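Have a look at the structure below before the remarks.
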2 protein chains.
Amino acid sequence: MVGTREVIERYCETLEARDWAAFGTVLAPDVRYEVPQSGTVIEGREKYVVFNREYPGEWHIWPVRLVAEGDHAALWISFEVDGKPVHGIGFFTVADGLVSRISDFWPEPYEPPSGREDLVSRAP
Amino acid sequence: MVGTREVIERYCETLEARDWAAFGTVLAPDVRYEVPQSGTVIEGREKYVVFNREYPGEWHIWPVRLVAEGDHAALWISFEVDGKPVHGIGFFTVADGLVSRISDFWPEPYEPPSGREDLVSRAP
């Protein structure tokens, strides 16, 4: 059976390629996608493929870091939509070689709090 | 040498325990902590220990998921400060049994976008 790392790599490749048939073969029939920040959930392969297929804008994903261990993986991507890059992070569970659960995070940029300039610098 | 998973478990335990001497022994002398959302960076073990030691509020951390592979790990925590829980996610690099790099994310709650009620539900 294909390993967790390979499953998530295929998830990324088929998503970026808009190869929806192949993307569907990476997902468990009862895959559960959740966004803890908004409390939203998408249940089932068919709905999750449609959600991605119909996602608006001209978007691309670039994997920044993939960590896989046992049935779990964490993926940090740079997600660019209409030329604006944002960070995306997913925690995945893989069962029987298929993605069965995704907890997705979309951290937005923010201004750093003031007051710790003795410790903190800004990246150039 | 202690494995990556054990290093990050010790990182969590000593942080939650406010055992700053032990917390320091988990960090490389030139550890680099960065928050990509704000572009801020803290460099060096001493400054990073002080930053955590002086972090305001009554805070606690609970690990939700830890994924470790080779020299890398991803940690999803529930971070509670003054009774308010938020999600925290760190991507770690471990070198010679010490944490050498942390990329930390603090995704804030948001209202889900409307328009995909055919696909998306709210978690109870």
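Note that the structure is predicted; figures quoted are calculated from it, not measured. Naming convention: chains lettered A, B, ... in sequence-line order (proteins, then strands); numbering from 1 in each chain.
- Shown here for B:Val67 and A:His72, the closest heavy-atom pair between the two residues is CG1-O, 3.8 Å.
- Only the backbone of A:Phe92 has a heavy atom closer than 4.5 Å to any heavy atom of chain B.
- Linking ILVMFWY side-chain heavy atoms closer than 4.5 Å, directly or via other members, places A:Leu98 and A:Val31 in two distinct hydrophobic clusters.
- Checked against a 6.0 Å centroid threshold, the rings of A:Trp76 and B:Phe105 count as neighbours.
- The contact between B:His87 and chain A is made entirely by side chain atoms (from C-beta outward), counting heavy-atom distances below 4.5 Å.
- The environment of B:Asp82 atom CG is dense: over 12 non-hydrogen atoms of other residues, nucleotides or ligands sit within 6.0 angstrom.
- The heavy-atom pair separating A:Thr40 from B:Pro112 by the smallest distance is CG2-CB, 3.3 Å.
- The nearest pair of heavy atoms linking B:Asp118 to A:Lys47 is O-CE, 3.7 Å.
- Interface remark: of the candidates A:Arg5, A:Glu34, A:Glu46, A:Glu43, A:Arg5 forms the most heavy-atom pairs closer than 4.5 Å to chain B.
- Heavy atoms only, all atoms of each residue included: A:Arg116 and B:Val50 are closest at NH2-CG1, 4.2 Å.
- Between atom CD of residue B:Glu111 and atom OG of residue A:Ser38 there is a gap of 8.5 Å, rounded to the nearest 0.5 Å.
- Atom CD of A:Glu6 sits in a crowded spot, with more than 12 heavy atoms from other residues, nucleotides or ligands closer than 6.0 Å.
- In this structure, A:Phe91 CZ and B:Leu66 CG are separated by 9.0 Å, a value rounded to the nearest 0.5 Å.
- Contact count versus chain A (heavy atoms, under 4.5 Å) is highest, among B:Val120, B:Val64, B:Val41, for B:Val41.
- The main-chain N or O of A:Glu108 is found under 3.5 Å from a side-chain atom of B:Gln37 such that the two form a donor-acceptor pair.
- For A:Ile89, the part sitting under 4.5 Å from any heavy atom of chain B is the side chain, from C-beta outward, and nothing else.
- Heavy atoms only, all atoms of each residue included: A:Ala68 and B:Glu69 are closest at N-OE1, 2.9 Å.
- Residues A:Arg65 and B:Thr93 have side chains in contact (heavy-atom distance under 4.5 Å, counting atoms from C-beta outward).
- For A:Val35, the part sitting under 4.5 Å from any heavy atom of chain B is the side chain, from C-beta outward, and nothing else.
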